[in-house]
Engineer: 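Would you mind keeping the following structure in view while I ask a few things?
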Amino acid sequence: MSKFRKKSPWILHYNTGGCNGCDIEILAALGPKFDIERFGMLNRGNPKQSDILLVTGPVTLKCRDVLRRLYLEMPEPKVVVAMGACTFGGGVFRDFYHVENGVNNILPVDVWIPGCTPRVEALIDGMIKALDVWEKKSKDKEYLNNHSEELLKEIGAIND
Amino acid sequence: MINPDLIMKEESIDSVKDSIRKWYNQDKHHYVTVNAIDNGETLTLDWIFSEYETKNKIYVFRVENVGYNTQIPTMTDFLSCAWVSEWDLADMFDLNIENAHRGMFLQPDAPKAPLRKESYSGK
Amino acid sequence: MLKMFSESFKNLFSKPETVLYPFEPSPEPKNYRGVIFYNEELCIFCDKCEDICPPGSILFEVVDVESNKKEYNYNPYLCIYCGACVEACPKADEGCLTQEKDRMPALAGSGEQVYKNEKLGYFINRTKSAKNLDFQWREIENKTKESREKLAQHKALKRKQKQEALKAKKASSE
Amino acid sequence: MIGLLMTIFSPIIGGLISGVERVVKARMQSRVGPPILQPFYDFFKLMDKRPIMIHSFHASMGVMYFISAWFAFAVLMLGNDLLIAVFFHVISILALSMGAFSVRSSYSIIGAMRELIHLASYEPVVILCVVGLYLSTGSFDISVILSSSNAPIFTLPLLFFAFVGAIPMMLHKSPFDVAEAHQEIIGGPDIEYSGPFYEAVYTGRWIENVFVYFLVFLFGGGNFILGAFLVVATFLLVTLIDNSTARLDYQRMLKFAWVILIPMAVFNIFFLALGGN
Amino acid sequence: MANIFIFLSIVLPIVFGFIIWFRQCDKVSGLLTYSLLPILTFMGFYVYSVDASIYIHTIGLLDFFIVTFDFFLLIYFAWIGMQRKSNLVIFLAIVQFILLIMVISIAPEVNTANIYVDKLSAMIYLLVALVGVPIAIYSLKYMDYNEKRKHTFIAIVVGFLGVMNFIVSVNNIEWFFTLFELTTLASVVMIGYRGDKESINNSTLALWMNQIGGVAILFSLLIMIKDFGVYHFTDLWQLDKTTITMAAFGFLSIAALVKGAQLPFHKWLLGAMVAPTPVSAILHSATMVKIAPFLLLRLSPVIQDTLLSKLLVLTTGFVFVAAAVFALTQNNFKKILAYSTISLLGLMMLAASIGSSMAVTISIILIIFHGIAKGFLFVEAGILEKLFKVKYIEDMNRLLEKAPLTLLFIIFGFLNMTFVPFGSFIGKWLMIEEASNFLSKGSSVLLIALVAIGGVFLSVLYMKVIGVAIKHHRFSKIKVYPQPKNFLFVSVWYYAILSILTIFIAPFIANFVSPIAIFITGKANGLYADGLSLVLGNSTLEFWQIIGAMILLIAIHVAPFIFKFKNVEQVHPYNCGEITKRDAQSYDFNFINNYESKINMIAITLFISVLIFGGNLL
Amino acid sequence: MANKITVTFGSQHIAIPEPVSFVFETENEIITKVDVDVGYVHRGIEQAAVTKFKYTNVHYLLARVCGFCSITHAGAYVHAVEKLIGVETTKKIDYLRTLVVELDRIHSHLLANGHVAEVCGYENLFMQTVKYRESCMKLLEDITGNRVQYDYYTIGGVSRDLTTEIEKSIKNTLNELRKNTIKLMEFFETDYTLGLKTRNIGKITTDFAKKMNCVGPIARASGLKTDARAEFDFLPYEELGYKTQLRSEGDVWARNMVRFDEVLNSIEICLNVVDGLDEGDVKVKVRGKPKGETFIRVEAPRGECFYYLKGNGTNIMERVRIRVPTYANVPVLRELFVGSKYSDAQAIVLSFDPCLSCTAR
Ligand code: SF4
Ligand code: SF4
Ligand code: SF4
Ligand code: SF4
Ligand code: SF4
Ligand code: SF4
Ligand code: SF4
Ligand code: SF4
C-alpha cells in the first residue's frame, strides 16, 4: 500500500516571512515548464489534506504561531520541507530581532533545500528526498500524540 | 548623476500640519512617506513629497529635535493614505502619533522601538 | 474564451513544454551562482570574505592562537550564493575562492550523511549527522567568537609582553 | 448484471475518468501531467493517513456522502426509473452540505451554501433532461431508453446542450466551480475533511463523474457507439471549457442556468412535444 | 352506524370544546383531548372503510338555523370591523350580507342531501384526528408557558376540529359558505388570541382577506343558481360538462386560492405567526388551509381539462416557486415554515386542479404528508420558542448543542418535505411522471419545469435552515435534555406516524390513497403496490430503494448521536492559521427582495386571469 | 439578520502565498467590513541595515526585502550609496543595469498577470502566462546567475558582463516573447469570462488614485501619470525608448493591461540596451565612505520605491528608510473591498500584485 504513497504528495505552502523569491519559484514549479504535478504533487493550500509542509522564510515572530497551528492541523505522516537559506538559521536574516532564525527552531525539519533562491530543479530534488523521508515515516508510524495543553494554549488554538 | 531638486522646509512640530495642509495640492503633489531619523536623544521627522510629471523634485518638511514623547499630529485627515506610514513609525520608534495603532508590525514579545539608537547600540 | 478554447485544443495535440527533470537533465547555465569552493593552500587568511558575507556563512575559527592558524568553515545551507566573498577575495583569480555552477544537494535532516567535498571547508566535512545542522553551525559560531576573543586577548597579551619587554630593554639599556 | 457490475466498479471507473481528465487537462495546459492512475495513488495515500477530524458528525457526513452517492448510482443502474435516481442524487448533496455546515469554518459554510446554489442551478435542467428522454423514447426506464431505436440526441439537441452546460455545475468545473473555488474557499465543503474521511468525499466525487457521464451516454439511446462517442465528445468539450474560462460567481451561475439553460431545455421539449402530435 | 359516527365526528369535538371551556380545569382538558385521539381516529377509519358515498338528509330546521347563524356571523364581522375601525371589513361584511340575502331569495328548493361524506372527507377526518388532536394535546402543555386563558384556547382548538370535520362533510355550498366563514372566524379569534396590537392587526388582515373568499363563494353561488339551478357539489358533478359555463367555478377557485393563502393573498397566513404556535400548527397542517385543496378537489371533476384548470395550474405552480424563493430570504423560523406551507399548498392545488385520477391521488398524498410534517414542524417550532427561546434563524446557530432532540425532529420534518422516499417527494415524482404523459399539452412542460424548480428551491431552503442549526463546537457534548412529557409524546407520535407511513408507503398509497382518487374521479390511475414497492406503469419505486433511502436519511439525521469515532483525534477547523473571532451564520439572499414587487405583479395578473379567462367572464 | 459570515483571508491562504491577513465580514458574500494586517513579514531589516551590515554588503540584504524586485531594492540602495560616495558610473554599467531591471519587470508583470488569472479560476491562462515567462527567467539566469535573486548590482558596477552568446539569445528570446506577450494580451483582452471577473471590479477613479497617492501600475491604470522612471533620473530611460503607459478604466482588468503594455515597452528598452551596448569594463573604482543624506526614487515593477539614506562617513550607515510600492498601495486596497463580492476579493488583491515582504520589511 505504501508503495502508492510516494506518488501522491500534496503540498501545503507557507511563507513565514521570506523574500518571496522562493515562493515565486514554487509558482514556477507549478507551471508548465517544471510541472510538479508529474509526481502527483498538488498545491492543496489546506493543511487537512496535505502531506508536505513546504516552508519558506526565516519564521518571523508573527508567523511563528501560525506555522505551528498549520503543522498541528496536518495529519501524520507529514514531512516538513524547508526551502531556501532563510529557513536554515535565518539566511540573511540571521539574528534579526523579529526573526526566529529558521524553521528548525519551531518545527522539526526533514529536508533542507539550500540556495537563495534555489533553482526549481533544487526544489524538485528536495521534494524527491522528502518522499523518501515520508515513506520512512509512514512505515514507522511514529505519530506525535496528544499535543500538550501548554503548547495549544501558547499558540491559542481556536476555541470553536 | 542623481541630483534631485531637494526643497527642504524647516518646520516646527506645531506648525507642520498646517503648513502641509496649506501647501498640499492633491493634483500636483504626491505624498511619499513620513520618515524619522534618530539622533540619539531626539528625532528628526521628515514628511516627504514628490511632484507629478516633474523631474527629480522632492519636497521635504523637516522638523528637528522632536522628543520621544512629543505628540505628533496625524495627517490622515487630508492624506487618507498616511495611516500605514504613521502606524509604522509609531511601532518602530514607539512614538506618540495621533490615532496610531500599535502592533501591526511588532509582536508583543519583540523588542520595543527597534529603530531607536538606544535599542541597538546597547545603551 | 474562444481563443483559449482553440489554444487548449492545439496544446492537447502538441508536445508539452515540460522539462522532465530529474529524468532528463536540466543543467545549470555556465554563469550560475552555485556553491563556493575554497582552496586552503592559496588562502592568505585576510578574512575579507568573512567580513563581507551577508549571512555570515563563512567563519574562520582560530585553532591556534600562537601561530594564528585559522580554519575555514563554510555553511552552504546558510549561504545566499551572492558571490560577494569571491568578489572580495584578493586571491580569487588564482582560485582560492571560486563560485562553481553546481548546486548543493538537498539535505534530509535526519540520519542522512551530509554531502561532503574537501573544498567545502571544515564544517561540512567534519559533521557526522545532518540532524540539527543549524544548531551545529551555531556552535561553530560561538566557538569562532570565543576563539576570536582568545586571539584578541592573546594579541593584547603579546603586545603587552612586547611593550614590557621593550620597557625592560629600555630600562636595562638605561 | 451489467448494472450490478457497473455499480460495483463505479468508483474505479470514476477514478479512471478523473485520472484521464487530469492528464488531458495538463496537456491542454502544455504540461505533462500526472500518471493516469494518479487518483488511485491519491486514494491509497489517503487511506493510509492518520485520521483526524473536527467532530464525529462532520466526519460521518463525509462517509455518508460517499455512501449515498454510490447508492444513488446503484438506483440509477439497478432501478428502472431514471427520475428517481436523479432525486436520490440529492441525498448525497444533503449529506455533503450538512457535513460542511456542521463545522464553524467560514470556508466550509460558504462552500456548503454554494453547493446548494449549484443544486438549484442544475437540478431543474437534469429533471427536464430526464423528461426529455422520456418524451423521446417513451419511457423513464433505462433499459427501454438503451434499447430505443432512435437516439434521443437527434430529437433533443438543445436539451443535450443544456445538459452539457449543466455538467460543469454538477462536476464543479470552471466556469462553474463556484462551490469548490480553490482560490477562494479552498475546496469549499471538502475543506475540513482529512485522511480517510476526505477519501470518502474524494471517491464520492468520482462516482458523480460516472453518474453524469452515464446520463450523457443515455442520449445515444440504443446506439451504443453513438453513446460512447457522445461521452467522449462531451468529456473533451467539458474539459476544454474548463480550461478556457474563468470562474464566475454564484449569481452568474444561477442566472446562466435560469436564463439560458432552462429555457433552452423547455423550448426543446415544447417543440418536440407539439411537433410530435 | 356511519351516520352516527359522522355526526359524532362533527359534534363531539365541539361539545368537548364547550366542556373544556366551562370547566377550565387541567384534568378535564387533558382527559378530553387525549380521549379524542382514539375516538376520532376510530370513527374516521370506520367512515373511510364504508365503501360508498354517504348522503345524509338533514331536517329543514338545521338549514334555517345555519342560515340565521350565518347572518349573525356577518353582523359580528361588521361589528369587529367597527371596533377595529376597518372600513374594508365592514364593507365586505355588508356586501356579503346583501349577497347572502340575494342568494337565499333565489335559491330553489333542491332535494339533495346537505351532508355528503365520501372517502375524501373521511380521509380528512382521519387527518384531523391524527394531526389535529395531537396539536390540542400539545397545547395543553404549551399554554403553561406564560400564556393567558389556557383552557379557552384549548377549547377553541378542540372545537375547531369539529368545525373542520363539518366543513368537509357538507354538500350544500351555501352551508359551505357558512362554515367557510366560521373557519374565518376561528382564524380571526385564534390569530388575535394574544390580544396585543400586532395580533389584532394581523387578525383583521386575515379577516378581510378571507372575506374576499367569502364574497367569491357568494358570487359563485349566485351565478350557479342562476345558470344551473343547483348549489350542491354532488349536483354540480351531474352537469353536462360540454355545455356549462365556468364563471361560478372561477369564483369558487378564487375562494380556494384565498383560503390557501396563495400569492398575493399570502399575508394573512404569515400574520398567523403572532399567535401562540399551536395556532400556526393548526392553521398550516391538517386543517384550515387544507380547505383550499379540498375545495378544488371537490370541483376537479367539473373543471378538469378546462382553461380554468390550466390557469389554476399556472397560478399555483407559480406560487409554488415564488413562495419557495421568498422563503429563502426569511429569517424567522415560523415565517419560513409559513412560506413553505404556501408553496406546498400551491403544489397540492396544482395537482387538484389538474383533476386526473393520478393528479388527485398526488394531491391527497401531499395533503396527508404535508399535514403531518408541518404539524410536526410547528410543534417543534413551539418547543424551540418556549423551551429554548429560539425564534429566528440566527438564534438557531449551534442549536445542536442546546436542543439536539428537537433539532433531530425538525430535520426529520424537513426531510419529509422534499426528500426521497417521503410522501412529498412521491407526490413530486408522480406529478412529473404524470405530466410527462401529457407533454403535448404545452402547459405540462411548464408544469414540470415549475415543479422541478420549486422542489429544488424548497430543498435548498430546508438544507440552509438545517445548516445553520447543525453547526457545533468540536468538543460540545451532544446530550439530550429532558422535555415535558406532553411535548415528547406529540413529537414521537408524529415521528412514528411519518416513519411507519414511509416504510409502508407503497401499500399505503396504493390501497388507501388511490381508492379515494378513484372514488372521486371514477377512473383507475395505474398505481399499485407490488409487495412494498410502488409501481406505476413502467416505473417502480422499489422497496430496497425506499428502505435504503430511509436508512441513509435516518443515519444522516441521527448521526450526531450514533456515530462516535473514539480513536480519532480532533483538530480545529482551518482558519488560515489564524485565531480571529468569527461569525459563521448564513446567507439571506436579500437580493431576491428586489424582485418582490415584480413577483407580486405576476401573481396578481395570474389571479385576475384565473377569474376572467378561466371563468370565461369576457 | 442572520447573514454575517466572517471570512479570514490569510495569513496562510492559497491565493496569496505571502502571509498577509484580511478579515472580511461578509453578508451574502458581499464584503461589509475589512481588517487588514500587513505586518507578518516584519523582520527588522531597517535596523539590521544600520547595525549588522557594512555599507558594502547592505544591498545583498536589501535585495532580499523582496524577491520580485530584488534588483530594484539593491539598485535603489546602490544608486544612493554611489551618490553619497560620489561615484560616476559609465554608460555601459547603466545600460546593463537597465537591462536587468527591465527583464525583472517583465517577469514580475507576467507572473502578476498570470496570478490574477489563476485566482480568477482561470488555471490555463496562468499556465500559459507562466510558460511564456520562463523564457525571460532563463535569460535572467543566464545573465546574472540566478533566477530570482540576481545580486547583479555591486557598488560601482555590475557583477558580470554579457557574453556575445547571451546578447544574441536576448534578442531572439525577446522578439519571441514580444509575440507571445501580444498573444497573451489578446487572451486577456478578449476573454469574456475573465472580463466578467476583472472588468469594472475594484475600480479606482483617477481622483481617488490621487487622493490615496497610488503608485505604479495601479495608478497608471487609473489614468494617474506617475512613474519614477520618468520623474527621476536613476537610469537612462529616456534615451532607451521609455514611454509611460496609461489606461483610464482603473479596474482589475486595466491594471493587467497596463502591465502588459509595460512588458512590451520593457522589451523595447531591453532590445535598445543590447543594441546600444559599448565595450568596456563593468566596474569602476570606488573610493571613500558614504556621508550625508540622500533621497532616491526608483520604479519597481509594482511602482515607485523610495529610499532615504544617511551616512556618517563610517562603514555603517546611519539610517536606511525604505518606502515600497505596496506600502503606498495598501490604503487604497483596503478601501476597495467594501461593497465588492468575496469572490472578487482575490482578483482585487492580486491585481495590486502585493508584495508584503517589503511593506513590513
Ligand atoms: S487545483 Fe487548486 S491548487 Fe491546483 S492549481 Fe488549481 S487552484 Fe491551485
Ligand atoms: S531563501 Fe533567499 S530567496 Fe528564498 S525566501 Fe529566503 S531570502 Fe528569499
Ligand atoms: S592581500 Fe592585501 S588585504 Fe589581504 S592580507 Fe595581504 S595586504 Fe591584507
Ligand atoms: S556567496 Fe555570499 S553568502 Fe555565500 S559565502 Fe559568499 S558571501 Fe557568503
Ligand atoms: S577572501 Fe580569499 S584569501 Fe581572503 S580569507 Fe577569504 S578565501 Fe582566503
Ligand atoms: S385545575 Fe387541577 S385541581 Fe383544579 S380542578 Fe382542574 S385538575 Fe383539579
Ligand atoms: S504574489 Fe508573491 S507570494 Fe504570492 S504567489 Fe505571487 S510570488 Fe508568491
Ligand atoms: S513591493 Fe515591490 S518593491 Fe517591494 S519588495 Fe515587493 S516587489 Fe519589491
Side-chain angles (χ1 to χ4, degrees), chain A residues 11-35 42-47 53-54 56-67 69-70 73 84-86 90-100 115-121 158, chain F residues 10-21 37 39-45 47-48 51-53 57 60-70 73 107-108 111 114-115 118 123 126-135 137-138 141 146-151 355-358 360-361:
Chain A
I11 299 172
L12 173 71
H13 162 220
Y14 188 52
N15 174 348
T16 59
C19 77
N20 288 338
C22 291
D23 312 77
I24 299 173
E25 293 300 76
I26 291 170
L27 275 194
L30 294 172
K33 179 153 177 209
F34 299 101
D35 185 27
L42 286 179
N43 186 7
R44 293 298 296 186
N46 174 356
L53 177 58
L54 180 53
T56 62
V59 191
T60 61
L61 295 191
K62 212 164 180 170
C63 291
R64 175 186 54 197
D65 289 346
V66 179
L67 182 62
R69 275 180 221 121
L70 291 173
E73 278 173 26
C86 300
V92 243
F93 312 117
R94 190 162 175 82
D95 293 334
F96 285 17
Y97 65 85
H98 213 251
V99 155
E100 284 284 356
C116 179
T117 321
R119 280 190 105 200
V120 185
E121 284 85 350
I158 309 171
Chain F
S11 64
Q12 193 277 330
H13 191 284
I14 182 143
I16 33 168
E18 267 185 296
V20 51
S21 141
D37 189 341
Y40 282 86
V41 203
H42 180 69
R43 290 153 294 191
I45 285 180
Q47 193 211 53
T51 53
K52 292 192 157 43
F53 289 78
N57 61 2
Y60 298 115
L61 166 67
L62 293 178
R64 280 146 186 94
V65 166
C66 165
F68 276 113
C69 36
S70 54
H73 283 288
H107 100 72
S108 167
L111 188 65
H115 212 149
E118 157 87 4
E123 214 183 316
F126 165 74
M127 292 292 177
Q128 301 305 320
T129 318
V130 172
K131 177 170 100 183
Y132 296 134
R133 169 178 168 271
E134 281 300 330
S135 64
M137 298 303 278
K138 178 94 181 50
E141 193 179 24
N146 194 300
R147 285 160 54 95
V148 179
Q149 289 294 355
Y150 316 119
D151 296 326
C355 215
L356 295 138
S357 53
C358 46
R361 301 170 310 272

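Per chain, numbering begins at 1; letters A, B, ... match sequence-line order.
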Engineer: To the nearest 0.5 Å, tell me how far F:Y40 OH sits from A:T60 OG1.
Structural biologist: 9.5 Å

Engineer: I want to know whether F:H42 and A:F96 have ring centres closer than 6.0 Å.
Structural biologist: no

Engineer: Rounded to the nearest 0.5 Å, what's the gap from CD on F:Q12 to CD on A:E73? Could you check?
Structural biologist: 9.0 Å

Engineer: Could you go step by step and tell me if A:L30 and F:E118 meet the side chain to side chain contact (heavy atoms under 4.5 Å, CB included) rule?
Structural biologist: CA-CA 11 Å; A:L30 294 172; F:E118 157 87 4; over 6 Å; no

Engineer: Is there a side-chain contact between F:V130 and A:P32 in this structure, where contact means two heavy atoms from C-beta onward sitting under 4.5 Å apart?
Structural biologist: yes

Engineer: Mind checking salt bridge (charged side-chain N to carboxylate O under 4.0 Å, His left out) for A:R94 and listing every partner two or more places apart, or none if nothing turns up?
Structural biologist: C:E141

Engineer: Is F:K131 close to chain A through its backbone or its side chain, or both, or neither, when contacts mean heavy atoms under 4.5 Å?
Structural biologist: both

Engineer: If you round to the nearest 0.5 Å, how far is CG of A:L61 from CZ of F:R43?
Structural biologist: 12.5 Å

Engineer: Closest heavy-atom contact between A:G31 and F:M127?
Structural biologist: CA-SD, 3.9 Å

Engineer: Between CD1 of F:I16 and CG of A:N15, what distance do you get to the nearest 0.5 Å?
Structural biologist: 10.5 Å

Engineer: Return the option, out of A:V92, A:V120, A:V99, with the maximum number of heavy-atom pairs under 4.5 Å with chain F.
Structural biologist: A:V92

Engineer: A:L12 versus chain F, heavy atoms under 4.5 Å apart: side chain, backbone, both or neither?
Structural biologist: side chain

Engineer: Please classify the contact between A:F93 and chain F as side chain, backbone, both or neither, with a heavy-atom cut-off of under 4.5 Å.
Structural biologist: side chain

Engineer: Determine whether a donor-acceptor pair (N or O, by modelled atom type, separation under 3.5 Å) exists between the side chain of F:K52 and the backbone of A:D95.
Structural biologist: yes

Engineer: Could you go through the side chain to side chain contact (heavy atoms under 4.5 Å, CB included) check for F:M137 and A:K33 one step at a time?
Structural biologist: CA-CA 11 Å; F:M137 298 303 278; A:K33 179 153 177 209; over 6 Å; no

Engineer: Excluding sequence neighbours, so at least two apart, what forms ring-ring contact (aromatic ring centres under 6.0 Å, His included) with F:F53?
Structural biologist: none

Engineer: Can you see which heavy atom on A:C116 is nearest to which on F:Q149, and at what distance?
Structural biologist: O-CB, 3.7 Å

Engineer: Do F:I14 and A:N43 have side chains that approach each other closer than 4.5 Å (heavy atoms only, starting at C-beta)?
Structural biologist: yes

Engineer: Answer with side chain, backbone, both or neither: which region of A:P118 has an atom nearer than 4.5 Å to a non-hydrogen atom of chain F?
Structural biologist: neither

Engineer: Quick one: OG1 on A:T117 to CZ on F:R64, what's the gap to the nearest 0.5 Å?
Structural biologist: 7.0 Å

Engineer: Measuring heavy-atom distances to chain A, does F:D37 have an atom under 4.5 Å in its side chain, in its backbone, in both, or in neither?
Structural biologist: side chain

Engineer: Which region of A:D35, side chain (C-beta onward) or backbone (N, CA, C, O), has a non-hydrogen atom less than 4.5 Å from a non-hydrogen atom of chain F, or is it both or neither?
Structural biologist: neither

